[in-house]
Amino acid sequence: AVDLSTTIAGVKLPNLLLNASGVNCRFENELQQLVESKSGSLITKSATLNSREGNPEPRYAPLAGSIGSINSMGLPNQGYEYYLNYAKNFDYNNTAGKPLFISLAGLSLAENKTMCEAFRDANLPCVLEVNFSCPNVPGKPQVGYDMEAMEQALQVLDPIIGRPFGIKLPPYFDIAHFDQAAAIFNKFDNVVFVTCINSVGNGLAIDLDSETALIKPKDGFGGLGGLLVLPTALANVNAFYRRLKPGKQVIGCGGVTSGKEVFLHILAGASAVEIGTQLMEEGTGVFERVQKELVELMTAKGYKSVEEFRGKVKTL
Ligand SMILES: O=C1NC(=O)NC(C(=O)O)N1
């Protein structure tokens with residue numbers, strides 16, 4: 001049988017698929033749907049210190065021709081204590097053996113410090129993913145695009161978290177930025193994974209008939225996801241796979257609609273793969289379908305485990 005299991009930050013995932021933070025994971029009932037789904041794990045909606053309503057609606061839209069999505073949610077979430085409580089009550093010995101990831105997106109370093117201290121003090125088996133890449137909070141530039149700020153934040157947060165954790169990154173488009181960002185992450189032993197990518201920030205989707213932007217916030221500017229971001233996602237996965245020190249891993253996110261794109265993310269170097277837009281459009285049944293397709297593809301290619309081809313993308 002084909003083995004799709006993987007280990008991230010020292011925790012075992014029965015299979016390498018999980019949701020992208022933000023999709024189907026703001027409320028407990030949504031998180032429970034993920035627990036009951038065929039995903040290998042689940043991650044919560046990025047939390048801020050205080051609960052947030054987020055941006056005005058419409059703030060999410062699928063793009064014509066199923067090529068992707070645009071969103072400017074604005075970090076709507078229940079506030080970090082809600083997710084801390086969820087993590088305290090989570091059944092870490094659940095029958096599916098699923099670990100829990102927690103996403104934190106403080107609006108300031110002080111907010112991230114407070115939230116990380118709270119999770120440290122709770123000393124729970126969940127894994128933290130610090131989101132440095134939300135593109136949709138008006139007036140809040142993405143920390144991931146400010147290398148100095150990102151390093152300074154890690155100098156504060158790494159010792160507080162005090163155990164393996166990860167970072168949700170924006171897409172980079174310049175080789176120098178891959179070099180600079182990877183060099184920063186290689187300085188912090190607790191940074192054991194990066195998740196590439198968050199949405200491609202500040203796209204503009206316009207409806208031809210109405211001549212109107214699809215979403216309301218920010219004059220229609222929002223993060224792009226789905227199949228159209230796949231090559232950018234694969235490049236970011238592979239760039240960090242090539243640059244991070246041994247022992248550090250990459251979680252792939254972006255453009256996964258089927259087993260094919262999961263296979264490509266693994267080939268690029270991904271140790272786990274997140275599904276966002278397709279989960280939003282299809283529902284949690286996506287995990288069973290995509291897993292079946294991946295197994296079929298691996299079997300056709302003669303692979304029994306993902307280790308056999310992870311990161312083995314060939315070049316000409
Ligand atoms: O990090 C984020 N990425 C997104 O694409 N959207 C959400 C949001 O707007 O809340 N946050």
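Counting begins at 1 with the first residue of the sequence. Everything numeric in this text was worked out from a predicted model, so none of it was measured. Just the heavy atoms: all of them, side chains too, but no hydrogens, waters or symmetry mates, feed the values below. Whatever order the structure lists them in is the order used to number ligands and atoms, beginning at 1.
Annotation: side chain of Ile251 is in contact with side chain of Glu274 (closest heavy-atom distance under 4.5 Å). Side chains of Asp179 and Ile175 form a contact here, defined as non-hydrogen atoms less than 4.5 Å apart.
No donor-acceptor distance shorter than 3.5 angstrom exists from the side chain of Asn202 to the backbone of Phe221, with no hydrogens or angles considered.
Ion pairing of Glu30 with Lys45 is absent here, as no side-chain N (NZ or NE/NH1/NH2) approaches a carboxylate O to less than 4.0 Å.
Here Gln142 pairs with nothing under the side chain to side chain donor-acceptor pair (under 3.5 Å) rule; sequence neighbours left out.
For ligand 1, the atoms sitting less than 4.0 Å from at least one non-hydrogen atom of Gly74 are 8 (C), 9 (O), 10 (O), numbered in the order shown with element in parentheses. Heavy-atom contacts of Asn198 reach the following atoms of ligand 1: 1 (O), 2 (C), 3 (N), 4 (C), 5 (O) (cutoff under 4.0 Å). Every atom of ligand 1 is numbered from 1 in the order shown, and the set under 4.0 Å from a heavy atom of Lys45 is 7 (C), 8 (C), 10 (O). Per-residue contacts place Met73 under 4.0 angstrom from the following atoms of ligand 1 (heavy atoms of the residue considered): 8 (C), 9 (O), 10 (O). Near Asn136, the atoms of ligand 1 lying under 4.0 angstrom from a non-hydrogen atom of the residue are 4 (C), 5 (O), 6 (N), 7 (C), 8 (C), 9 (O).
Only side-chain heavy atoms of Asn131 come within less than 4.0 Å of ligand 1; its backbone N, CA, C and O stay farther off. The proximity of Asn71 to ligand 1, defined as any non-hydrogen pair under 4.0 Å, is limited to the side chain.
Within a 6.0 Å radius of NZ in Lys304, no more than 12 heavy atoms belonging to other residues, nucleotides or ligands are found.
Under a 4.0 angstrom heavy-atom cut-off, Arg59 registers as lying outside contact with ligand 1. Assignment of Pro135 to the shell around ligand 1 is supported, since a heavy atom sits closer than 4.0 Å.
The closest protein non-hydrogen atom to atom 10 (O) of ligand 1 is Leu75 N, 2.7 Å.
The aromatic rings of Phe263 and Tyr303 lie tilted to each other, with the angle between the two planes from 30° to 60°. Note on ring orientation: taking the six-membered ring where Trp is involved, the planes of Phe178 and Tyr172 are perpendicular (angle over 60°, cut-offs 30° and 60°).
Among Gly223, Ser199, Cys134, the residue whose heavy atom lies closest to atom 5 (O) of ligand 1 is Ser199.
Geometrically, ligand 1 and Ser72 share no nitrogen or oxygen pair separated by less than 3.5 Å.
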